[in-house]
There are 2 protein chains.
Amino acid sequence: MTDGSDDTTEDRELLSDRIRNALADEIATGKLKAGAALDEQHLADRFGASRTPVREALRQLAANGLVEVRARRGVVVSRMTPERIMDMFETVAEIEAMCVRLATYRITPLERSHLIELHDASEAIVKNGDFDAYDNFNRAFHEAIYHATHNSFLAEQAIAIRNRLMAFRRAQLQQEQRLDRSWAEHEAIMQAIAEGDGEMASRRMRAHMLNAATALRRFIEANKLA
Amino acid sequence: MTDGSDDTTEDRELLSDRIRNALADEIATGKLKAGAALDEQHLADRFGASRTPVREALRQLAANGLVEVRARRGVVVSRMTPERIMDMFETVAEIEAMCVRLATYRITPLERSHLIELHDASEAIVKNGDFDAYDNFNRAFHEAIYHATHNSFLAEQAIAIRNRLMAFRRAQLQQEQRLDRSWAEHEAIMQAIAEGDGEMASRRMRAHMLNAATALRRFIEANKLA
DNA sequence: GGCTGCTTTTGTGTATGCAAAAGCATCCCC
DNA sequence: GGGGATGCTTTTGCATACACAAAAGCAGCC
């Protein structure tokens with residue numbers, strides 16, 4: 001949702017939003033490295049725009065924590081140490097665990113059907129080894145859980161924090177067995193939800209997220225990223 | 001303490017930041033009501049500035065969720081229904097509970113001393129019935145717990161969400177017995193931390209926050225606010 | 001009388017210009 | 001020779017100007 005990637009109304013998209021998304025993506029993919037200075041005029045030239053929308057984009061990124069503004073001294077990409085990334089992962093893991101606990105107690109039959117449907121459909125994706133499709137499913141699965149908390153503010157926060165972390169998800173599921181194990185962990189979570197055991201669902205979700213984090217950490221250390 | 005909020009350099013503060021803070025405060029205190037349109041030129045005149053810094057301030061507020069921008073249709077103050085406020089309170093309560101659980105397992109002796117010191121000092125404040133002082137202590141108390149999680153990202157998120165909710169704190173402790181009860185609840189939380197029982201600390205913290213929320217809800221309903 | 005199409009008007013989105021601060025390099029003085 | 005002052009450059013912060021989209025007002029038409 002609210003992705004903006006496949007917009008048919010491209011001419012309506014604001015230049016500042018385009019720049020913001022582009023910069024966020026470049027920071028996410030590592031094209032713009034941590035600590036790099038972001039010169040307004042330079043960026044304006046690169047995007048064929050003036051400094052005004054660039055500045056607005058940078059301010060929004062700053063509010064999201066992706067860059068830091070030092071008054072009158074320019075903007076730099078926020079430093080992402082391995083420790084900080086692990087902190088972010090732990091935070092997301094805890095929030096996901098919190099969400100699934102609340103969701104277990106509050107999910108409606110209709111929402112439960114939807115979740116089961118999603119989960120069942122994902123089995124075929126795993127068999128095909130389709131990483132991109134699984135990534136999409138995975139997002140839908142977790143967002144369905146956020147939604148089932150029946151706390152829209154919490155759901156928004158969870159999505160926002162998850163999106164910030166998604167900067168580093170590109171490497172997360174690149175290992176085949178991780179995809180299998182991810183599905184198995186989802187299965188275990190689904191079972192706990194079905195049994196109405198929110199605490200167990202919570203523990204399993206936390207473990208699930210930390211497993212993903214560990215896989216990523218190994219990848220980062222192996223490739224000397226960040 | 002990578003706080004960075006030592007604002008002794010006021011003259012260097014950017015106009016856009018001043019405007020952002022002023023607007024955030026006005027939204028917080030209800031001066032600017034939910035759904036109100038924010039005209040850029042009008043605001044620029046009010047602050048004796050041009051539209052440029054006003055726009056930047058509005059974009060930052062939008063990134064923080066306090067206002068909503070509708071492309072080419074202006075900016076409005078985000079609607080805060082009672083349900084949404086309760087959702088926010090629940091989210092803060094859950095995050096605080098999460099933090100105190102982690103903090104219980106990770107707090108250092110030095111941090112524990114600091115927390116005990118804070119808590120002990122607050123007893124006098126309660127006896128004096130000094131609401132403002134207690135509010136300050138309360139923030140320090142909770143931030144000390146965030147810090148003790150040894151997860152700086154989580155701490156930042158907790159503070160950010162708490163600040164957003166603080167919009168409505170003005171009414172929170174206006175009832176005298178709530179101040180007493182708040183201290184007693186802190187006492188119970190401290191005990192659980194001392195015993196190293198993170199789960200109990202977590203449950204007590206959640207109850208503590210939800211008690212505050214209930215007190216606020218009663219206030220809102222009684223005064224027909226929001 | 002209500003709806004539709006045009007016109008006006010208001011306000012956003014972007015560009016450009018200017019002033020001041022930060023970074024720097026050179027130079028002077030001790 | 002080193003440290004600090006001084007001017008130059010670069011870049012930010014803010015203001016102003018302009019273009020254009022959307023809402024509002026108005027008139028004519030069905």
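Keep in mind it's a predicted model, so treat the numbers as computed, not measured. We name chains A, B, ... by the order of the sequence lines, and we start the count at 1 in each one.
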List in chain and number order the residues that pass ring-ring contact (aromatic ring centres under 6.0 Å, His included) with A:His150, two or more places apart in sequence or in another chain; answer none if no residue qualifies. none
Looking at B:Arg106 and A:Glu90, is there a salt bridge between them, counting it only when a charged N and a carboxylate O are closer than 4.0 Å? yes
Can you measure A:Leu14 atom CG to C:dA15 atom P for me and round it to whole angstrom units? 11 Å
Please work out which residues in residues 50-65 of chain B have a non-hydrogen atom less than 4.0 Å from an atom of DNA chain C and list them by number. B:Arg51, B:Arg55, B:Arg59
Salt bridge (charged side-chain N to carboxylate O under 4.0 Å, His left out) against A:Arg79, all qualifying residues, sequence neighbours excluded: none
Expressed as a whole number of angstroms, how long is the span from A:Gln41:CD to C:dA15:P? 11 Å
By side chain to side chain donor-acceptor pair (under 3.5 Å) - contacts of B:Asp17 (at least two apart): B:Arg20
Is there a side-chain polar atom (N or O) of A:Arg73 under 4.0 Å from OP1 or OP2 of C:dA21? no
Over how many whole Å does the gap from B:Glu40 atom CD to D:dT16 atom P extend? 15 Å
Per B:Ala49 side chain, nearest of listed nucleotides D:dT12, D:dA15, C:dT14: D:dA15
Set of salt bridge (charged side-chain N to carboxylate O under 4.0 Å, His left out) partners for B:Glu26, sequence neighbours left out: B:Arg46
List for me each residue that meets salt bridge (charged side-chain N to carboxylate O under 4.0 Å, His left out) alongside B:Glu56, sequence neighbours excluded, and say none if there are none. A:Arg55
